[in-house]
Amino acid sequence: MTVIKLTNTKTRKKEVFTPIDADNVRMYVCGPTVYDRAHIGNARPVIVFDVLYRLLRHVYGADHVTYVRNFTDVDDKINARAEASGRSIREITDETTQWYLDDMRAVGALDPNEMPRATEYIPQMIAMIETLIAKGHAYSDGAGHVLFSVNSYEKYGALSGRSVDDMIAGARVEVADNKRDPMDFVLWKPSSDDQPGWDSPWGYGRPGWHIECSAMSYELLGESFDIHGGGNDLMFPHHENEIAQSCCAHGHDHDGGGFANYWLHNEMLQVEGKKMSKSLGNFFTVRDLLDGHDGMASVPGEVIRFVFLSTHYRKPMDWTAEKAEQAKKTLWKWRSFSNGVVASKPSPEIVKALADDLNTHDALSELHRLASNLDAFENGADMPPFDVDAAYSEFVASANLLGLLTPELGRWAEEAVDLSVFSMLLEAYRSRAKETKDFSEVDSLKSSLLAAGVEVRMTKDGVELDAGPNFDASKLEGVGIPPVFDTWKQGGLL
RNA sequence: GGCGAGUUGGCGGAGUGGUUACGCAGCGGAUUGCAAAUCCGUGUACACCAGUUCGAUUCUGGUACUCGCCUCCA
């Protein structure tokens, strides 16, 4: 069995991963609040944990992993969006949820096994809040709010390495009259008539932010499970609060045990070296990239995925157009010679790289090695004999483990372009030039083709033209086909 | 102010107590009418200052700089 090592935020160390139950490895990842299109930063945890999901399925078996990623469909940002647009909340959350699924599938993310919506787990949240009150970890302020008492949980702050005293000293906490401690956070809050709400023991209201993940993970994965993931911006307060709620609700208020054993956090994403923000004009959504935006060419989902995988998940990642361009060229080439190959088993080296704390970059390096080996073979390099078919199959299987070179993501590279007219013309010019030694016509046509993104290869056997990754058919419109060409064609000279 | 991360060759980006990362770009050669593609060869990097060590880019301490979180933004 492959040994997987993961960096656990809880211990700040890379640890050997041992599941609670190898027959059912359980992972929970915090999903989106559905009020708008996912920006490219949102895609990072999705891709990172998708790779982990694929690795776990590879190691423990596809039917022995349960991956849960929620949709937060009750939130004040959604309320604000509904009010501003005049549309209903449900309309907005349904639409945004579908967008999210479409966009994440477009970057090659498998659907998790469960995708619970927060609003379908309100009774479970209320039950958990009642338990917390009964155990003395939460209190009602009598005005419709229920708050979690951070002082009732001595390990509060352990995940993010903060103490309650430090944070209060930081003076960034909101002071409110109804809190026993400034760090106490809301489990339940009252709703007005025009806000979404549910009846509860504390009146008509809605849940606070953190309780949903505690309630849904408990419901779907149990009191204890293996992995909990998310962006590192969620470490505090969201994950800290989840831990406090869950541990206290399930009798682990003194040891901090139970709940998730391994906490994984991905680093943030930047764009061209800067934090993505609307004011800098470098803010864009996954859909913007997929469809093309602001005059920029569209970026295939597979290319987005490749770029993300080229940086380790615990390091800040910089999205640049340059990286996307390089990734596109690489994938184009890999696709061109692996087209139609049936995947077998991934290379042990790829599995090893991923098992070492998801070293996706190292896995890509290994993929490069496998690819260049095949490439060298294709080009007739002098090399020791090997099982060529097996090598192709292993290459594709290895890429598949990373979610690359899958059939679903291949459409962008499959546009068949008929360039036969141009290759015949080029061939004709060339044979004539060989007689006359005047290559100007050949060179002129060649430059036009190159400018349009066509790969031109002339060998002694003939001319070969292929549309490259940046092929632009419109640039070929101006290339003249001389009338004599038709004559040749009709005369059977070509 | 508190917590945390990072600083690697032209660029991107892994990794390691002593030996080649890898990719892209570059350079030389083969090949080509010229190219492209491909093949062969090529670069000796690890912020700074101390310390530990036979030996540190890799461990320890410090300095500088960058960045993230502490604002229901992944």
Side-chain angles (χ1 to χ4, degrees), chain A residues 9 12 29-33 36 38-49 72 75-77 157 159-163 165-174 183 185-186 208-210 212 229-238 240-241 265-270 273-278 283 307 310-312 314-318 320 322-323 325-327 329-330 333 353 356 359-369 371-372 375-383 430 433-434 436-440 442-443 446-447 449-450 454-460 463-466 468:
Chain A
T9 307
R12 317 257 155 186
V29 175
C30 293
T33 298
D36 204 353
H39 62 250
I40 64 164
N42 297 120
R44 193 165 191 203
V46 174
I47 292 172
V48 165
F49 292 104
T72 298
D75 183 280
D76 288 351
K77 284 198 294 283
L159 180 73
S160 54
R162 302 154 200 249
S163 73
D165 290 344
D166 285 346
M167 287 183 277
I168 292 171
R172 286 267 203 130
V173 292
E174 170 195 358
M183 291 305 296
F185 57 92
V186 172
W209 174 32
H210 318 290
E212 58 183 82
N232 74 356
D233 57 332
L234 290 181
M235 207 159 86
F236 186 89
H238 184 56
E240 201 70 72
N241 293 352
H265 291 97
N266 62 275
E267 250 293 348
M268 299 291 103
L269 177 140
Q270 299 186 320
K274 295 191 171 141
K275 178 172 176 162
M276 182 167 64
S277 74
K278 287 179 178 165
F283 182 98
V307 172
S310 67
T311 299
H312 187 86
R314 284 190 294 106
K315 290 220 174 164
M317 196 206 103
D318 196 16
T320 65
E322 166 77 22
K323 284 183 180 178
E325 196 49 43
Q326 272 191 23
K329 282 183 188 162
T330 302
K333 189 170 163 181
D356 183 14
N359 196 335
T360 51
H361 183 92
D362 213 21
L364 288 178
S365 294
E366 182 60 23
L367 226 39
H368 272 292
R369 281 184 208 105
S372 72
D375 213 13
F377 170 78
E378 288 293 343
N379 284 283
D382 184 23
M383 53 207 304
R430 188 158 170 255
K434 277 180 179 167
T436 64
K437 302 295 172 199
D438 176 7
F439 286 88
S440 57
V442 180
D443 289 337
K446 188 178 71 180
S447 332
L449 291 167
L450 291 173
V454 176
E455 292 166 4
V456 180
R457 280 184 289 279
M458 290 187 252
T459 67
K460 39 182 183 289
V463 169
E464 196 181 327
L465 299 182
D466 277 313

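Note that this is a predicted model, so its numbers are computed, not measured. Every chain is numbered from 1 and lettered A, B, ... according to where its sequence line falls, protein lines coming before strand lines. FYI, side chains are in, hydrogens and waters are out, and symmetry mates aren't considered; it's all heavy atoms of this structure.
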| Where do A:Arg44 and A:Thr311 land on the side chain to side chain contact (heavy atoms under 4.5 Å, CB included) test, with the steps shown first? | CA-CA 11 Å; A:Arg44 193 165 191 203; A:Thr311 299; 3.9 Å; yes
No-H, no-angle donor-acceptor pair, [X] side chain to [N] base, under 3.5 Å:
X: A:Lys446; N: B:rC34; value: yes
X: A:His265; N: B:rA74; value: no
X: A:Asp443; N: B:rG33; value: yes

| A:Lys333 side chain, from C-beta outward: closest of B:rG33, B:rU38, B:rA14 | B:rU38
| task | Classify the nucleic acid contact of A:Gly41 as base, sugar-phosphate or nothing, counting any heavy atom under 4.0 Å across all strands shown. | result |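 Base contact.
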| Does a side-chain N-to-carboxylate-O contact under 4.0 Å join A:Arg457 and A:Asp466? | yes
| message | Once pairs are restricted to Watson-Crick or G-U wobble with both distances under 3.5 Å, how does RNA chain B read as a dot-bracket string, [ ] for crossings and | for other-strand pairs? | response | (((((((..(((.....[...))).(((((.......)))))....(((((..]....))))))))))))....
| If we take the P atom in both B:rU66 and B:rA37, what is their distance in whole Å? |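 It comes out at 41 Å once rounded to the nearest Å.
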| What interatomic distance, in whole Å, is found between P of B:rU53 and the corresponding atom of B:rU60? | 16 Å
| field | Contacts of A:Ala327 that satisfy side chain to side chain contact (heavy atoms under 4.5 Å, CB included) - sequence neighbours left out | value | A:Val303, A:Phe306, A:Val307
| message | Taking side chain to side chain contact (heavy atoms under 4.5 Å, CB included) as the definition, give me every residue that meets it alongside A:Gln326, ordered by chain and number, with sequence neighbours left out. | response |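 Partners of A:Gln326 under the side chain to side chain contact (heavy atoms under 4.5 Å, CB included) test: A:Glu322.
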